[in-house]
Each structure stands twice: as C-alpha cells, then as structure tokens.
Number of protein chains: 2
Amino acid sequence: MPTTRTDIVASCEPVFDRHGFAATGMDTLTEAANVSTRTLYKHLGSKAGLTVAVLEARMERFFSTCTASTFDELLTDLERWIEAEGARGCLFLRAQGEADALSAGAGVSTVVAEYRQRLRSLIGRLVISELGREDETVSDELLIIFEGATSTASYLGPQAIIAARSAASTVLMRGDPCTC
Amino acid sequence: MPTTRTDIVASCEPVFDRHGFAATGMDTLTEAANVSTRTLYKHLGSKAGLTVAVLEARMERFFSTCTASTFDELLTDLERWIEAEGARGCLFLRAQGEADALSAGAGVSTVVAEYRQRLRSLIGRLVISELGREDETVSDELLIIFEGATSTASYLGPQAIIAARSAASTVLMRGDPCTC
DNA sequence: GCCAAAGTAAAACGTTCGTTGTACAGTTGC
DNA sequence: GCAACTGTACAACGAACGTTTTACTTTGGC
C-alpha cells in the first residue's frame, strides 16, 4: 500500500479544484486522500506545500494530455479535458487569485507563471508548424482564444469549443491568398 | 458622515478582488471600510451578504463604464478598466470558484449568472449593430475573445488588448466581400 | 432639551483552522 | 527477532475565523 506523495496530491487536486484553496480545510484533504493528518504532513510539509504540489501535478497532467500538432487539435485536447474534468475556469488563474492569502504566494506564483509560459510556448510551436514561421500576433490571438474557451466553457458548455474552433480557424486563415 | 452600505461595499470590493473571498477576514474588511464590526453587520448582515453585495456593485460599476457601440470600443472600455483596476482575471469567475465554500453559494451563483448573461447580451447587441443582423456564432467568438483578453491581461499586459482587437476585427471581417 | 437613530470600541462567543505531539500497529529486510 | 520505517488514530495546541454582545458616544430633527 503506497500512500505515496503522488497519490495524496492526485486525490487533493479535484478537491481544491471544486471548492477553492483557502476554503478547503486540511480535514477535507486528508479525508479525500484517505491518509492521516500525520502522513499528509510528512509528505507535503504544509498546506502551502500541498498547494504547490497540486498545481505542479496539474500542470504536468494537463500538458501530458496535449498531444496536438495543430491548434485545432489543441482545442480537441481541451474539449476532452473538460469532458473529463468539468469546466470551472483556469485553476491556475484561480490559484493566483488566492495566492497571497495562501501564505504560499511565492511558490504558487512561480508554478502559475511556469504554466503560462509553457502554454504560450506550446501555442507558439503550433503556430510555427502551421504557418511555417513564427508569428507572435497570431500566437497571442490563439492564446486569448484558448483562455477564453477555458473560461467561457463554464457557462457556454461545449459551444465554447465550437466557437473557439471557428474563431481560431478564421485567425489562422487570415492572410491566405484569396480564393474568390 | 454617511458610512452607508454603498460606501462599505465600495471599500470592500478591491480587498476581495486582491486577496480572494474566503481568504479575506472580516477584520480586514472592517478596517478597509473604516467602520466598526457592528456597523458592517448592520448594513450587510453577514460576510455572505457582503460578498453578494460586492459582486452586484461590481457588475453595475463595470457595465456603467461600458459605453461602447462597437466591439472594438468595448475592448477600449476593458483596456481602461484594466488600467484603473488592474488585471487579475474575471472576479466573477473567481467568486464562482469559491462559491460553495463561501456558504453564500446560491446568492453568488445568481449574481455571477446575471453578470454573464448581461455580458452576452451586450455583445449580442454590438454584433447586431455592427453586422446589421444577429449572429450567434460571431457573438460567441467575440465573447470568447473578451473573456480571453480579461484572463490573459494578467500576464500579457496591454498586449492582450491589442491581440484581442486584432482577433476580433478578423472575426468581424470574415464573410465581407473580398477586396482583392 | 431630548429622543431616537447610527455610529464607535472592545471583549467574548463557540467554531474551525493549520499544525504538532503522543502512543501504537503493520510491514520489510537482514 | 529486531530494528527501521511507514503508516494510523486521536487529542491537543494556539491562532484566527464569523458573529454577537455590552456599554458608550455622537448627531440631527422637532
């Protein structure tokens, strides 16, 4: 019976996601992870440590599900993610919003910044492979569409992905030789 | 010296915005509002009541700054808002993420839903006035761009508005008679 | 001048928080 | 078989939470 750090973190992630960070007590977390208070503290050190670990795990888990080689496929990855995880808006954005009160402000901000940088560079790579060249403007626009889809999916539902797909293809086609 | 409910709510709004809802204690709020505990409770009833009141005030304040008659102008409104208020991602999204733990879940969800509906219908009206007809697809795409700009502005800065503007104009021009 | 209305300060309420301490059980490897 | 390790259960810590209470001050209209 492992009860490893990894298992604990994986169990706590959905709890933070659904109820927020500051609002979730250690009792709820130990119960969700099915471990004693002592064990959780041995492995994670503190609630702040657990929070950072959860965000790191989330980041790795998210990017490991992103196998896309085009932005349209990235939206399919997002669609699948939302089907499996639900849509409550970007967890990293929400974590950042509670960061300083979490007394883990520095650690949280670091992971959030890393997530955002990785997302940007992922989209940047997709743009290069689709357009055959770097295009920072297009990359920023697609980043906005991706983040917008993530946010709006919480109230538009699957329609958010459809609209994002449409907007993205429009942006990517811009500048193509006219076919009329 | 009024110390009215309105003043209290206005003073508490930036505190919630900067530090989160669950994480902000009543001491911090009374201090920010410069009122005694007793007065705050007399006017707002509870932390849950204050939370809902703050979100309602935020909604009215935000929409009253939106004087746009085109989506591009709406992005200018957003740009000005962000310059004045800072960019920490949509407060309503963050509030919803803490809603059930706030024990004001129902009230918060109601205001958040109302905000989102009003945003959608505002954009819908702009689309009608720009295209001369309803277009739900374009409206959804612009909503995504608006929400995406709101989110990404917290790390892209003013560049987020520029990219959103570019994406939006592309989406709005789509279908126009070709000029080549 | 006085009575309400509305404010203040400060202590106390019981609860819950994050965290630590104590005492004990199960497994593993040599 | 006996360390060493890793886990559990559970009580306890002080601090902070949201809220209420008590007692007092200020203010404005009639």
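Chain naming here is simple, since letters A, B, ... match the order of the sequence lines and numbering starts at 1 in each. FYI, side chains are in, hydrogens and waters are out, and symmetry mates aren't considered; it's all heavy atoms of this structure.
A/Glu147 contributes no side-chain N or O that, together with a main-chain N or O of B/Ser151, makes up a donor-acceptor pair within less than 3.5 Å. Judged by distance alone, the side chain of B/Arg174 and the main-chain N or O of B/Ser169 form no donor-acceptor pair under 3.5 Å.
Connection of A/Val15 to A/Phe92 is established within a shared hydrophobic cluster, with ILVMFWY side chains joined at heavy-atom distances below 4.5 Å, either directly or through further cluster members.
Side chain of A/His43, nearest nucleotide from C/dT19, C/dT8, D/dG7: D/dG7. Looking at the side chain of A/Ser36, the nearest of the listed nucleotides D/dT19, C/dG18, D/dA9 is D/dA9. In the set C/dT22, D/dT21, D/dG7, C/dT22 carries the atom at the smallest distance from any side-chain atom of A/Arg38.
Rounded to a whole Å, the OH atom of B/Tyr41 is 15 Å from the P atom of C/dT8. Protein atom CG of B/Leu50 is 11 Å distant from nucleotide atom P of D/dG18, rounded to whole Å. Straight-line distance from the CE atom of A/Met26 to the C1' atom of D/dA12: 17 Å, rounded to whole Å. In this structure, B/Glu31 atom CD and C/dA10 atom P are separated by 13 Å, rounded to whole Å. Rounded to whole Å, atom C1' of D/dC17 lies 17 Å from atom NE2 of B/His19. Look at NZ on B/Lys47: it is 15 Å from P on C/dT16, rounded to the nearest Å. Taking atom CG of A/Asp27 as the reference point, atom C1' of C/dG18 lies 9 Å away to the nearest angstrom. Rounded to whole angstrom, the span from the CG atom of A/Leu40 across to the P atom of C/dT20 amounts to 12 Å.
Among the atoms of the strands shown, base atoms are found under 4.0 Å from some heavy atom of B/Thr37. Nucleic acid contact class of B/Thr28 (heavy atoms, under 4.0 Å, all strands): none. Residue contacts shown for B/Thr30 are absent, as no nucleic acid heavy atom lies under 4.0 Å away.
Contact record, A/Ala149 with A/Ala160: O-CB, 4.0 Å, taken as the closest heavy-atom pair.
Heavy-atom distances to DNA chain C give each of B/Lys42 and A/Thr24 a nearest nucleotide, and the one nearer the 5′ end belongs to B/Lys42.
Contact check on B/Glu134 versus B/Arg125 returns no salt bridge, with no Lys/Arg side-chain nitrogen under 4.0 Å from an Asp/Glu carboxylate oxygen.
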